Amino acid sequence: MNNREKIWQVVAQIPKGKVATYGQVARLAELPGYARYVGYTMKNLPAGTRLPWFRVVNSQGRLSFPHDSSQYQSQKSKLESEGIVFIGGRFSLKKYQWQPGQES
DNA sequence: CAAGGGGCTGTCA
DNA sequence: TTGACAGCCCCTT
């Protein structure tokens, strides 16, 4: 299993309505410091993947796409459909960040 | 082999 | 609270 797959597994575990930061995903995948690689990996997901990549956000409680890009809108709407509320272009990371162990 | 860049981050001003 | 900076890791030039 390569690092890319480890990342996929972690992302696949993020529960609906919750989000995780790139750095958090990296740590959970036992790859501390690979935050940036996580983003790179999400960018190169196989077409048609069912991975909830939209639940991965940056540590600022914001999305890492240009505010006017279609990708930003796409991710934002997907998160909102799961109950995450955006205020002024961002959301409360404190409130929605995934805490492994309290999922179910 | 070197350089640039990408859905990042923690630190410091 | 923002913005600038320096590290991080990997892939493509």
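Owing to the predicted nature of the structure, the values given are computational and were not obtained by experimental measurement. Letters A, B, ... are given to chains in the order of the sequence lines, protein chains preceding strands, and every chain is numbered from 1.
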- request: State whether the side chain of A:Arg55 and the backbone N or O of A:Ile14 hold a donor-acceptor pair below 3.5 Å, judged by distance alone.
  value: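 Such a contact is found between A:Arg55 side chain and A:Ile14 backbone.
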Measure across [X] and [Y] and return the closest heavy-atom pair with its distance rounded to 0.1 Å.
| X | Y | answer |
| --- | --- | --- |
| A:Asn3 | A:Leu31 | OD1-CD2, 3.5 Å |
| A:Thr21 | A:Ser59 | CG2-CA, 3.9 Å |
| A:Val85 | A:Tyr96 | N-OH, 3.3 Å |

In whole angstrom, give the distance that lies between atom [atom1] of [X] and atom [atom2] of [N].
| X | N | atom1 | atom2 | result |
| --- | --- | --- | --- | --- |
| A:Asn58 | C:dT2 | CG | P | 13 Å |
| A:Arg62 | C:dT1 | CZ | P | 12 Å |
| A:Arg90 | C:dT2 | CZ | C1' | 10 Å |
| A:Tyr37 | C:dT12 | OH | P | 10 Å |
| A:Lys43 | C:dT12 | NZ | C1' | 12 Å |

Using a 4.0 Å heavy-atom cut-off across all strands, classify [X] as base, sugar-phosphate, or nothing.
| X | answer |
| --- | --- |
| A:Thr21 | sugar-phosphate |
| A:Tyr34 | sugar-phosphate |
| A:Val56 | base |

query: Stem ranges for DNA chain B, with three or more consecutive Watson-Crick or G-U pairs under 3.5 Å?
result: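 Stems (3+ consecutive pairs) listed as B:2-6 with C:9-13, B:8-13 with C:2-7.
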field: Toward the 5' end of DNA chain C, by each residue's nearest nucleotide, A:Tyr40 or A:Arg36
entry: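 The residue closer to the strand's 5' end, by nearest nucleotide, is A:Arg36.
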message: Students should find this one: the first and last nucleotides of DNA chain B, 5' to 3', lying under 4.0 Å from a heavy atom of chain A. What are they?
response: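 Contacts span B:dG6 to B:dG10, reading 5' to 3'.
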query: Heavy atoms, side chains only, cut-off 4.5 Å: are A:Leu93 and A:Gln60 in contact?
result: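 A side-chain contact under 4.5 Å is absent here.
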query: Should A:Trp8 and A:Thr41 count as side-chain neighbours, where that means a heavy-atom distance under 4.5 Å?
result: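 A side-chain contact exists here, since the closest heavy-atom pair is under 4.5 Å.
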query: Mapping A:Arg27 and A:Trp53 onto DNA chain B by nearest heavy atom, which one lands closer to the 5' end?
result: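 Going by which nucleotide is closer to the 5' end, it is A:Trp53.
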- request: Would you give the length of the straight line joining atom CG of A:Leu51 to atom CD of A:Gln9, rounded to the nearest 0.5 angstrom?
  value: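 The CG atom of A:Leu51 sits 10.0 Å away from the CD atom of A:Gln9.
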- prompt: Do NZ/NE/NH1/NH2 and the carboxylate oxygens of A:Lys18 and A:Glu82 come within less than 4.0 Å?
  reply: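 A salt bridge is absent here (no side-chain N lies under 4.0 Å from a carboxylate O).
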- prompt: Which of parallel (below 30°), tilted (30 to 60°) and perpendicular (above 60°) describes A:Tyr37 and A:Tyr40?
  reply: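 Ring orientation, 0 to 90° scale: parallel.
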